[in-house]
Amino acid sequence: MRAADAALRFHCQPQPGLLLRGNAQSTVPLPPGPAGRVNGMTQQLSDPKLVAVLGANGRMGAEAVKAVEAAPDMKLVAALGRGDSLDQITAAGAQYVVDLTVPESTEANVRFAVEHGIHAVVGTTGWDADRLAGLESLLAGHPEAGVLIAPNFALGSVLASAFAAKASKYFESVEIIELHHPDKVDAPSGTAVRTAQLIAAERKAAGVPPSPDATTSELAGARGCEVDGIRVHSVRLRGLVAHQEVLLGGSGEQLTLRHDSFDRASFMPGVLLGVRNVAAHPGLTVGLDGYLDLGF
C-alpha cells in the first residue's frame, strides 16, 4: 500500500461518528448503536475501539468492514484500499489496524502502525522468518504496541490445527491437504504452513520419527511439498473457499480432522476477537491460538 501523492490534511480531528473511506474526499456518518454484550460482559459505547481496515476493497476486507461496523464496542474510522495514504490512519485517530491486504504491502503497513503506537491485527500472508524477526526487533522499541499475525481467523480452523498437533504424536504418519479457490495467490496456504509447524514441533518434542515414505521415484510435485518435514498438498478449485484436512495414520486406523469455511463471514468472529485482545498482548503473537484458552 503506497502513500498517495496528495495526502489528506486535517486542521482538526475528524468529528465523532464520521468515517474516512478511500481517499476521504467525503465522510459517511456512522449509525449510533446501543450498549452491547461482549464475551458475557456489558460493554459501554462511550469509548469504543477506533478501527481502520486496510484492504477494504478486497473480499476479506469488505467482510471486515461490515463486521467492525456491526460490532457494538468498535467504530470504523477508516477503510483504505490500494494506493490510499497510510496517513489517513492517524488522521482518523485509529487505535487499531486490521490488515487484510497483500504480501507486498503488509510489512510496510504493520511497520507504520507500530511506529505510531497503533495495535495491528494481520491476516495477510507473506510473513516468513526474516520478516517476523524484523518485526520483533521493531516492536522492541515500541513496547506499547501489540501485533497479532493470524494465518487463519476461523475459530474452528484454529481449533482443528491445535487438535491435530496434539493428536499427531500418537500416529506414525501425518499429511495435510489444503483446498482453496483458484484466485488464491499463495501455496501452500498460511494455515497449512502453520498447522505443519505446530505438528512438527509436537512430534519432535515427543521424539516421533518422520512419517514413513518408501517413494524413490516421482513426478515433480506428486508428493506435495515439505514444511518442517510434514507433507502438504494444495488443491485449487472453483467453488471452494477455504478447507483443510489433516490425515493421521496408524496401524489399522486413520483419523481425519477437517475444517471447512463456506463463507468469508466465518473469519470475522476471529478478527473481532483479535481486535478485542491485541492491546492486552504487547509484542508479537503468531496465531490466534495465542489468544485462546485451549487448556492443553
Side-chain angles (χ1 to χ4, degrees), residues 1-2 4 8 14 17-31 33 36 48-86 88-89 91-92 94-106 108-110 112-113 118-127 148-158 180-186 189-191 236 238-243 260-276 278 288:
M1 188 171 292
R2 305 183 302 273
L8 179 70
L18 295 183
L19 163 67
L20 302 182
R21 285 189 181 275
N23 60 15
Q25 296 302 310
S26 63
T27 54
V28 179
L30 292 176
K49 295 174 173 60
L50 307 181
V51 182
V53 174
L54 311 186
N57 296 328
R59 287 177 292 246
M60 276 285 287
E63 286 291 339
V65 166
K66 291 190 292 184
V68 171
E69 287 181 323
D73 57 333
M74 299 180 195
K75 177 183 287 186
L76 182 70
V77 295
L80 278 62
R82 186 183 297 273
D84 291 329
S85 172
L86 294 179
Q88 294 182 39
I89 299 171
Q95 303 162 321
Y96 302 83
V97 161
V98 176
D99 181 271
L100 299 167
T101 57
V102 294
E104 294 76 18
S105 303
T106 184
N109 296 342
V110 176
F112 180 93
I118 300 170
H119 307 296
V121 174
V122 184
T124 310
T125 58
W127 287 92
L148 168 66
I149 295 180
N152 199 310
F153 283 108
L155 296 176
S157 177
V158 175
H180 284 80
H181 57 89
D183 300 319
K184 185 172 177 59
V185 298
D186 59 319
S189 68
T191 301
R236 297 293 176 265
R238 185 65 67 195
L240 299 177
V241 177
H243 316 263
D260 299 278
S261 281
F262 302 110
D263 191 284
R264 289 172 181 83
S266 67
F267 304 119
M268 295 307 111
V271 171
L272 299 182
L273 186 151
V275 173
R276 290 174 178 134
V278 64
L288 190 60

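Note that the structure is a prediction, hence the values are computed from the model and not measured.
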- prompt: Rounded to the nearest 0.5 Å, how far does CG of D99 lie from CE of M60?
  reply: 10.5 Å
- prompt: Any donor and acceptor pair, going by atom type alone, linking the side chain of S266 with main-chain N or O of A154 inside 3.5 Å?
  reply: no
task: Any chance you could measure R264, atom CZ, to L100, atom CG, to the nearest 0.5 Å?
output: 11.5 Å
field: Atom pair CG (L155) and OG (S261), whose distance is rounded to the nearest 0.5 Å
entry: 10.0 Å
- line: Smallest heavy-atom separation, A150 atom then L288 atom, equals CB-N, 4.2 Å
message: Y96: which residues meet the ring-ring contact (aromatic ring centres under 6.0 Å, His included) condition with it, sequence neighbours left out?
response: H119
field: R59 and D263 ion-paired at < 4.0 Å
entry: no
message: Could you tell me if the side chain of P151 sits less than 4.5 Å from the side chain of T125, heavy atoms only?
response: no
query: Which pair of heavy atoms, one from V77 and one from A92, lies closest together, and at what distance?
result: O-CB, 3.5 Å
statement: Heavy-atom closest pair (V65 atom, A79 atom, distance to 0.1 Å) is CG2-CB, 4.2 Å
- prompt: How far apart are the C-alpha atoms of L54 and I89, what are their side-chain angles, what is the distance that settles it, and do they pass the side-chain contact (heavy atoms from CB on, under 4.5 Å) test?
  reply: CA-CA 9 Å; L54 311 186; I89 299 171; 3.8 Å; yes
pair T191-S157: side-chain heavy atoms closer than 4.5 Å: yes
field: For F267 against A242, the heavy-atom pair lying closest together
entry: CZ-CB, 4.0 Å
- request: Specify the closest pair of heavy atoms between V278 and A120, including all atoms of both residues, with the distance to one decimal.
  value: CG2-O, 3.8 Å
message: Within the 4.5 Å heavy-atom criterion, are L240 and H180 side-chain neighbours or not?
response: no
- line: So CG of D260 and NE2 of H243: to nearest 0.5 Å the spacing works out to 5.5 Å
field: N-O pairing of K66 and E69 below 4.0 Å
entry: no
query: How many angstroms lie between CG in D84 and CG in N57, if you round to the nearest 0.5 Å?
result: 7.5 Å
- prompt: Counting only N and O atoms by type, is there a donor-acceptor contact under 3.5 Å from the side chain of Q95 to the main-chain atoms of K49?
  reply: no
- request: Determine, stepwise, if the pair F112 / V97 fulfils side-chain contact (heavy atoms from CB on, under 4.5 Å).
  value: CA-CA 10 Å; F112 180 93; V97 161; over 6 Å; no
query: So which heavy atom on R238 is nearest to which on P182, and how close?
result: CZ-CG, 3.4 Å
